[in-house]
Amino acid sequence: MNKSVLTSILIVLCLILSACGQELNEPEDKEVPCGCCSVEKIEGYKWYHDVVWEYPSYLGTENQNWEEYVISLNIPDVVLFSLTTDELTEICILYPQGIYFWISAVQCYDFNILCPDWRVNMEYMKSTFNGFDELFKREDTPEVLLKRYDEIVKNIAAICSDTDIPIDIFADLELLLGNCQTNDDVEIYREILQYLMDGYHAKLMFPEIFSDHSLYSNFIARAIIIEKISPNALLSKVESPFGYPEKNTMRIIDELSNELIKR
């Protein structure tokens, strides 16, 4: 075969193979959907349940005494002690501006609790809002909180059709779970830790919605529970595990979570 003819054939073959490769590698001419865009809408699902008592309106808080505002949010005793734990939980979830945001807001108002330890912050909140104080005194609180948290984790795909993305409700419930008291019942703490792990992995499926910042509450809650299950297990590895976690802290919390759940 003529050398020039062979060369021409080889060139043509290379061009064909190159075109095929481009066709295989080129993205389709359409937008790749996010992780939740193909999920069917959950009809009638609401992130926040109805409440039997509502917080008093307090307009213009930026121009009012902050301490007076906080005091005004307390639930009247006649209402508080008649609430079921489910009802009280929903009221606590709806605490104005949310637990997660409110702690930062309090710190901005310099209430002398600028503490990197969220356990201390929660103790302060319990001392200023009788709803939190009452919630953590009840024996069935862990069960009610886990049921509510499990509900939103299992319905996490509903964020696709809800314009009010429920980042706050996740954070509120996670921090409430982290601060549950179970009379040192390690098995209940392990159950809470497992649920928090499930919630964390559910969030990871939707990175376009749940950013690193919205994962902090999960790690903080787990850090608090880990120390309840195994005192000093975390403190021996991380200097300040109960504030906004760094990457290394998150890794250690993940490792300890898996270790403690498997026991």
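In what follows, residues are counted from 1 in the order of the sequence shown.
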How many angstroms lie between atom CD1 of I224 and atom CD of E174, to the nearest 0.5 angstrom?
-> 11.5 Å
Kindly write out the residues that satisfy side-chain contact (heavy atoms from CB on, under 4.5 Å) with V238, not counting sequence neighbours, or none if the list is empty.
-> L234, P241, T249, I252
Under the side-chain contact (heavy atoms from CB on, under 4.5 Å) test, residues paired with V186 that sit two or more places apart = R190, I229
Can you measure from CD (E187) to CD1 (I192) and round to the nearest 0.5 angstrom?
-> 11.5 Å
From CE (M197) to CD1 (I261), nearest 0.5 Å | 5.0 Å
Any idea which heavy atoms bring L173 and I93 closest together, and the distance?
-> CD2-CD1, 3.7 Å
With sequence neighbours left out, which residue pairs that include part of residues 245-257 fulfil the salt bridge (Lys or Arg N to Asp or Glu O under 4.0 Å) condition?
-> D212-K247, R222-D254, R251-E255
Would you give the length of the straight line joining atom CZ of F210 to atom CG of L215, rounded to the nearest 0.5 angstrom?
-> 8.5 Å
First locate atom CG of N130, then atom CG of N74, and finally report the distance between them rounded to the nearest 0.5 Å.
-> 4.0 Å
Heavy atoms of I75 and W53 approach each other most closely as CG1-CZ3, 3.5 Å
Take the angle between the ring planes of F129 and Y95 and call it parallel below 30°, perpendicular above 60°, tilted in between.
-> tilted
Validation row: T89, T141 side chains within 4.5 angstrom (heavy atoms) | no
Which residue pairs satisfy the salt bridge (Lys or Arg N to Asp or Glu O under 4.0 Å) criterion with at least one member in residues 79-94, sequence neighbours excluded?
-> E90-R148
Nearest-0.5 Å distance that lies between atom CD1 in I169 and atom OH in Y149 | 11.0 Å
Which atoms form the tightest heavy-atom contact between I156 and W47, and what is the distance?
-> CA-CH2, 4.0 Å
N183: what forms a side-chain contact (heavy atoms from CB on, under 4.5 Å) with it, not counting sequence neighbours?
-> none
Does CD belonging to Q194 count more than 12 external heavy atoms closer than 6.0 Å?
-> yes
Close side-chain approach of L176 to F136, heavy-atom, < 4.5 Å = yes
Sorted by chain and residue number, the ring pair (Phe, Tyr, Trp, His ring centres under 6.0 Å) partners of Y195 (sequence neighbours excluded) come out as none
Do R138 and L88 come within less than 4.5 Å of each other through their side chains, counting heavy atoms only?
-> yes
